[in-house]
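Written out below as structure tokens is the structure these notes cover.
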Amino acid sequence: MTEQHNQKHPAPSPSTPEHEDLNVLMVRRREELENLKSVGINPYAYEFDRTHFSTDVVSAFKDDEPQRIVAVSGRITSIRRMGKASFCHIQDSKGKIQLYLKKEGLAAYDAFKQMDIGDIIGVKGYVFRTKMGEVSIHARELTLLAKSLRPLPVVKEKVDEQGNKVIYDPFSDKELRYRQRYVDLIVNQDVREVFVKRARMVSTIRKFLDERGYLEVETPVLQPIYGGASARPFKSHHNALDVDLYLRIADELYLKRLIVGGYDGVYEISKDFRNEGMDKTHNPEFTMLELYVAYKDYRWMMELTEQMVYDLALAVNGTPLASLGGNEINFTPPWKRISMFEVIHEFTGKDLRGKNEQELRAIAKELHVEVEPSFGTGAVIDEIFSEKAEPHLIQPTFVTDYPVEMSPLAKKHRTEAGLVERFEGIVNGHEICNAFSELNDPLDQRARFEDQMSLRARGDEEAQVLDEDYLRALEYGMPPTAGLGIGIDRLTMLLTNKDSIRDVIFFPQMKPEK
RNA sequence: GGGCGUGUAGCUCAGGGGUAGAGCAUCUGCCUUUUAAGCAGAGGGUCGAUGGUUCGAGACCAUCCACGCUCACCA
């Protein structure tokens with residue numbers, strides 16, 4: 001606050017945040033806070049003995065049983081005052097329940113007049129059904145647990161004649177919702193549910209992999225050499241060692257070192273960081289599952305993947321079906337398998353097999369696919385696939401056998417020259433996972449790294465960096481290994497029918513306020 | 001980064017040169033089974049910021065800021 005500003009306004013009271021003026025609603029709530037204190041009420045209580053959750057009270061209620069006494073707690077979300085009696089709803093982690101507060105027989109009724117939407121209270125009373133039919137709690141005791149000093153957006157809802165829930169003036173400003181996610185979570189019930197589903201998904205992944213004997217591990221976030229993916233990193237610095245460190249862009253090379261070390265299967269669910277643009281499907285930090293299993297190949301990994309995603313769909317939605325943008329998706333295994341050349345042929349009528357770069361460029365032009373001059377054959381093929389085939393793959397599909405130039409960590413195909421044993425799982429036109437038979441030939445790996453380094457020398461900032469220690473590990477011998485990466489955020493989007501990554505990350509990256 | 005939009009009360013939004021608006025929320029009064037409770041009244045705004053045009057700007061112009069959608073790049 002500037003000096004000039006101070007002259008225009010009275011000096012703030014000690015309880016006033018210095019960075020903003022209080023509007024009348026906030027002033028009023030501070031007055032109520034003082035009023036409550038002055039009658040001996042602690043507006044910030046220490047505990048409350050809850051006996052039931054809101055929805056459990058409602059579902060357990062039977063009209064012909066004797067009255068039950070329950071204690072519930074939660075945030076007031078609506079109030080209807082009628083003089084000597086009032087109704088309000090409170091919301092706890094499971095849902096809402098209506099309270100009936102009557103002056104007669106409720107000592108705290110006057111104090112309740114100083115309470116607002118947003119305040120957190122505890123209530124003890126008996127369960128009954130109102131004339132209008134709603135199961136409610138008739139309050140006998142009321143305790144203020146936390147006074148709210150900021151007005152909450154008030155969202156009203158109503159059930160119409162068809163039984164549909166109608167919401168009036170939903171709290172919908174995306175910037176406010178993401179910046180103040182706590183408000184979003186309070187007010188928008190469905191937002192809370194998305195993150196419950198996300199948590200259930202992750203715990204199901206752990207259960208699935210633990211049951212099969214794979215070891216959950218942790219590998220460095222701060223890495224002297226970043227690797228395992230093609231992306232630009234965030235850079236940091238360690239003062240004591242006086243070395244630059246990078247935030248990891250993938251876990252891959254460390255996890256495969258652990259396979260060299262003798263574990264049969266390792267996985268990590270971790271944050272990766274990529275210093276790139278942000279949009280509906282990209283956040284600078286995101287969550288990735290990576291899994292490596294010794295003595296297996298990519299064909300085996302397809303079976304594991306489709307089974308795991310099927311289990312996740314069941315755990316999250318109770319069904320292998322998902323409705324996405326008007327498409328009905330069925331995750332039931334087995335998923336379709338088709339090679340990249342085949343699927344391109346299917347959607348364009350063109351056979352790209354064995355074509356050289358000039359021929360591929362001619363085909364791209366004919367298909368109206370734009371390709372950069374810097375693209376090699378692999379990149380041209382990939383671009384044609386992304387433009388002409390991928391968007392049409394709605395049902396879960398494994399696209400297999402990618403050009404070797406695009407996949408410096410994948411093992412060469414056992415029968416197809418120029419390709420690697422790699423697959424991506426495509427659902428609803430989007431990639432959900434990436435996997436390969438891992439390259440375990442240290443001499444081939446060194447050659448691939450060197451190819452990447454020459455790309456880097458030509459200015460490709462995303463080309464991968466040669467990792468001498470990783471090569472040393474491979475030289476000791478890594479068993480044949482199948483590896484898988486799944487973007488947890490994007491899988492969550494798929495299973496919760498959200499089209500923005502910001503809706504499945506609690507605190508998506510934003511520009512700083514002000 | 002380009003294109004298109006948006007920014008007005010705590011929330012959701014109207015208004016497009018001449019007194020700053022609505023619904024909900026808030027406050028006052030009435031109301032002891034209401035439920036988008038109701039009825040009557042009231043308060044609440046540097047109309048994103050800064051310049052400019054004009055007798056007069058929330059509106060028109062310029063610049064900036066923030067956000068959204070979209071295209072390009074990337075998981």
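Because only heavy atoms are used, hydrogens play no part in the values below, and waters and symmetry mates are left out as well, while side chains stay in. First the proteins, then the strands, lettered A, B, ... as listed; each starts at 1.
- Note on A:D116 versus A:K147: salt bridge recorded, some NZ/NE/NH1/NH2 to OD/OE distance being below 4.0 Å.
- A gap of 30 Å separates the C1' atoms of B:rG21 and B:rU63, to the nearest Å.
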Could you write out each protein N or O paired with an N or O of nucleotides 67-71 of chain B at a distance under 3.5 Å?
| from | atom 1 | to | atom 2 | distance (Å) |
| --- | --- | --- | --- | --- |
| B:rC67 | OP1 | A:R179 | NH2 | 3.4 |
| B:rC67 | O4' | A:E175 | OE1 | 3.2 |
| B:rG68 | OP1 | A:R502 | NH1 | 2.1 |
| B:rC69 | OP1 | A:K174 | NZ | 3.2 |
| B:rU70 | OP1 | A:K280 | NZ | 2.8 |

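- Spacing of P atoms, B:rC60 relative to B:rG17, comes out at 7 Å, to the nearest Å.
- At whole-Å resolution of the value, CG in A:D272 and P in B:rC74 are 18 Å apart.
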If you restrict it to nitrogen or oxygen atoms, what contacts under 3.5 Å exist between nucleotides 2-6 of chain B and the protein, and what is each distance?
none

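- Nucleotides B:rG16 and B:rC73 place their P atoms 42 Å apart, quoted to the nearest Å.
- For A:H138, the ring pair (Phe, Tyr, Trp, His ring centres under 6.0 Å) partners two or more places apart in sequence, or in a different chain, are A:Y100, A:Y126, A:F128.
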Could you go step by step and tell me if A:D110 and A:K113 meet the salt bridge (Lys or Arg N to Asp or Glu O under 4.0 Å) rule? CA-CA 5 Å; A:D110 285 335; A:K113 290 178 182 168; 3.5 Å; yes
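- Taking the side chain as every heavy atom from C-beta outward, A:K156 and A:V166 never approach each other to under 4.5 Å.
- When side chains are defined from C-beta on, A:L99 does not count as touching A:I76, because their heavy atoms never get closer than 4.5 Å.
- With P as the reference atom, B:rG5 and B:rA40 are 42 Å apart, rounded to whole Å.
- Every residue two or more places apart in sequence or in another chain was checked for a ring pair (Phe, Tyr, Trp, His ring centres under 6.0 Å) with A:Y402, and none qualifies.
- The salt bridge (charged side-chain N to carboxylate O under 4.0 Å, His left out) test applied to A:D184 returns A:R177, A:R181, not counting sequence neighbours.
- Comparing A:V154 and A:S78 by the nucleotide of RNA chain B whose heavy atom lies nearest to each, the residue mapping closer to the 5' end is A:V154.
- With rounding to whole Å, A:D119 atom CG is found 11 Å from B:rU26 atom P.
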Pairs: protein N or O with nucleotides 27-31 of chain B N or O, under 3.5 Å:
| from | atom 1 | to | atom 2 | distance (Å) |
| --- | --- | --- | --- | --- |
| B:rC27 | OP1 | A:E32 | OE2 | 3.3 |
| B:rC31 | N3 | A:G83 | N | 3.4 |
| B:rC31 | N4 | A:G83 | N | 3.1 |

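- Defined by atom type and a distance below 3.5 Å, a donor-acceptor pair is present between the side-chain atoms of A:N327 and A:N428.
- Note on A:T281: a base of the nucleic acid sits closer than 4.0 angstrom, heavy atoms only.
- Only the C1' atoms considered, B:rA42 is 15 Å distant from B:rA25, to the nearest whole Å.
- Under the 4.5 Å side-chain criterion, counting only non-hydrogen atoms from C-beta, A:R456 is not in contact with A:Q452.
- Regarding A:F273, its CZ atom lies at a distance of 17 Å from the C1' atom of B:rC74, rounded to whole Å.
- Annotated stems with RNA chain B as a participant read B:1-7 with B:65-71, B:10-13 with B:21-24, B:26-30 with B:38-42, B:48-52 with B:60-64, given as range with range, by first number; only runs of 3 or more Watson-Crick or G-U pairs under 3.5 Å qualify.
- Under the ring pair (Phe, Tyr, Trp, His ring centres under 6.0 Å) criterion, A:F195 pairs with A:F506, sequence neighbours left out.
- Within 4.0 Å of A:E104, counting heavy atoms only, lies at least one base atom of the nucleic acid.
- With hydrogens and angles ignored, no donor-acceptor pair under 3.5 angstrom links the side chain of A:S172 to the base of B:rU12.
- Straight-line distance from the CD1 atom of A:I79 to the P atom of B:rA36: 16 Å, rounded to whole Å.
- Across B:rU53 and B:rC4, the matching P atoms stand 27 Å from one another, rounded to whole Å.
- A:F171 comes within contact range of the sugar-phosphate backbone alone, with a heavy-atom separation under 4.0 Å but no base atom that close.
- A:L152 comes within contact range of no nucleotide atom at all, as no heavy-atom separation falls under 4.0 Å.
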Under 3.5 Å, which N/O atoms of the protein pair with N/O atoms of nucleotides 41-45 of chain B?
none

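- Every residue was checked against the salt bridge (charged side-chain N to carboxylate O under 4.0 Å, His left out) condition with A:E390, not counting sequence neighbours, and none meets it.
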Could you go through the side-chain contact (heavy atoms from CB on, under 4.5 Å) check for A:M288 and A:D251 one step at a time? CA-CA 9 Å; A:M288 186 85 133; A:D251 309 355; 5.6 Å; no
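- Rounded to an integer number of Å, the gap from A:F234 CZ to B:rC74 P is 17 Å.
- For the pair A:R80 and B:rA37, the criterion of a side-chain N or O lying under 4.0 Å from OP1 or OP2 is met.
- Residues A:S270 and A:E218 have side chains that never bring a donor and an acceptor to within less than 3.5 angstrom of each other.
- Surrounding CZ of A:R337 are more than 12 heavy atoms belonging to other residues, nucleotides or ligands, all under 6.0 Å away.
- Taking atom CD on A:E387 and atom C1' on B:rA72, their separation rounds to 11 Å, with Å as the unit.
- A:K94 and A:D56 are joined by a salt bridge, as a carboxylate oxygen and a charged side-chain nitrogen come within less than 4.0 angstrom of each other.
- Distance CG (A:L101) to P (B:rU35): 16 Å, rounded to an integer number of Å.
- With hydrogens and angles ignored, a donor-acceptor pair closer than 3.5 Å exists between the side chain of A:Q98 and the base of B:rU34.
- Residues meeting the ring pair (Phe, Tyr, Trp, His ring centres under 6.0 Å) test with A:Y226, sequence neighbours left out: A:Y246.
- Taking the P atom of each, B:rG51 and B:rA59 are spaced 13 Å apart, rounded to whole Å.
- Within the 4.5 Å cutoff, the side chain of A:E285 has no heavy atoms near those of the A:D272 side chain.
- When heavy atoms are screened at a 4.0 angstrom cut-off, A:N283 is found touching base atoms of the nucleic acid.
- Residues A:T130 and A:Q98 have side chains in contact (heavy-atom distance under 4.5 Å, counting atoms from C-beta outward).
- With sequence neighbours left out, the side-chain hydrogen bond (donor to acceptor under 3.5 Å, both in side chains) criterion links A:S148 to A:R29.
- Between A:K156 and B:rA25, a side-chain N or O to OP1/OP2 separation shorter than 4.0 Å is present.
- As rounded to the nearest Å, B:rC69 and B:rA37 have P atoms that lie 31 Å from one another.
- Rounded to an integer number of Å, the gap from CG of A:L149 to C1' of B:rG10 is 14 Å.
- Heavy atoms of A:H138 sit nowhere under 4.0 angstrom from any nucleic acid atom.
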